[in-house]
Amino acid sequence: MTDSELVAKYEDLVRRQVFWGESRETVTKRLVVNGATRTQAESLCRQLFRERVRFIRHESYGRIWKGVGYLSLAGGALFVGWLVSGGFTVWTNRIIILPALPSIYGLWHLCMGVSGLFTATNKSGSLAGFD
């Protein structure tokens with residue numbers, strides 16, 4: 001079986017397995033059992049696992065930008081509060097607490113995005129609920 005025939009016949013099945021979180025060994029064994037050579041199976045698995053890592057990193061960049069956006073929103077709200085209160089001469093809890101909520105949410109997204117970038121190759125499990 002040539003590489004193009006293998007890809008045409010099993011790519012969808014293998015892609016679903018890889019994105020579902022099956023291990024490389026399991027996916028490779030399934031391809032070998034279905035008639036692919038070991039090298040063909042490893043090549044297709046390597047290609048699809050790279051695609052999985054690209055997907056995770058792409059989603060992680062989205063989280064980073066979302067976190068930066070919320071942190072910017074919090075910084076803007078704090079600046080507006082500073083302008084309105086005349087340089088925080090009158091300290092009120094609302095001026096400080098109001099920007100704290102989006103900043104916490106933004107920090108959470110930023111940390112999740114950065115950790116997703118660095119751990120994309122080690123993530124296990126399905127990508128179905130990955131957001």
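We number each residue from 1, following the sequence as shown. Side-chain atoms are counted along with the backbone in the values below, which use heavy atoms only and exclude waters and symmetry mates.
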Quiz item: What about Phe49 and Leu13, same hydrophobic cluster or not, with Ile/Leu/Val/Met/Phe/Trp/Tyr joined at side-chain heavy-atom distances under 4.5 Å?
Solution: yes
Practice problem: Name all residues meeting the side-chain hydrogen bond (donor to acceptor under 3.5 Å, both in side chains) criterion together with Thr121; count only those two or more places apart in sequence or in a different chain, and write none if there are none. | Solution: none
Practice problem: Might you point out which heavy atoms bring Ser60 and Gly113 nearest each other, and give the distance in Å? | Solution: CB-O, 3.3 Å
Self-check item: Distance in Å, Glu59 CD paired with Lys123 NZ, rounded so as to fall on 0.5 Å steps
Solution: 11.5 Å
Exercise. List for me each residue that meets side-chain contact (heavy atoms from CB on, under 4.5 Å) alongside Leu110, sequence neighbours excluded, and say none if there are none.
Key: Ile64, Val68, Leu71
Self-check item: Those residues that, when tested against Arg38, pass salt bridge (Lys or Arg N to Asp or Glu O under 4.0 Å) (two or more places apart)
Solution: Glu42
Exercise. Look only at the side chain of Thr119 and the backbone of Asn122, and say whether a donor-acceptor pair between them is shorter than 3.5 Å.
Key: no
Self-check item: Atom pair SG/CZ of Cys45 and Arg15 - distance to nearest 0.5 Å
Solution: 12.0 Å
Self-check item: salt bridge (Lys or Arg N to Asp or Glu O under 4.0 Å) pairs, two or more places apart, involving residues 110-119
Solution: none
Exercise. Determine, stepwise, if the pair Leu117 / Tyr61 fulfils side-chain contact (heavy atoms from CB on, under 4.5 Å).
Key: CA-CA 8 Å; Leu117 284 180; Tyr61 281 125; 3.7 Å; yes
Self-check item: Under 3.5 Å: donor-acceptor pair, side chain of Ser43, backbone of Gln40
Solution: no
Quiz prompt | ILVMFWY cluster membership beyond Tyr70 - transitive side-chain contacts under 4.5 angstrom | solution = Leu73, Tyr105, Trp108, Met112
Quiz prompt | Residue of the set Glu51, Arg52, Gln47, Arg50 for which side chain to side chain contact (heavy atoms under 4.5 Å, CB included) holds with Val18 | solution = Arg52
Practice problem: Among residues two or more places apart or on two chains, list those pairs meeting salt bridge (Lys or Arg N to Asp or Glu O under 4.0 Å) that have a residue in residues 16-33. | Solution: Asp12-Arg16
Quiz item: Under a single-linkage definition using a 4.5 Å side-chain heavy-atom cutoff for Ile, Leu, Val, Met, Phe, Trp and Tyr, are Leu48 and Phe55 assigned to the same hydrophobic cluster?
Solution: yes
Quiz prompt | Nearest heavy-atom neighbours spanning Ile56 and Gly116 | solution = CG2-O, 4.0 Å
Exercise. Indicate if Leu78 and Leu101 have the same hydrophobic cluster label, given that clusters are the connected sets of ILVMFWY residues with side-chain heavy-atom separations under 4.5 angstrom.
Key: no
Quiz item: Who passes salt bridge (Lys or Arg N to Asp or Glu O under 4.0 Å) against Arg54, sequence neighbours left out?
Solution: none
Quiz prompt | hydrophobic_cluster_shared for Ile104 and Trp65, side chain cutoff 4.5 Å | solution = no
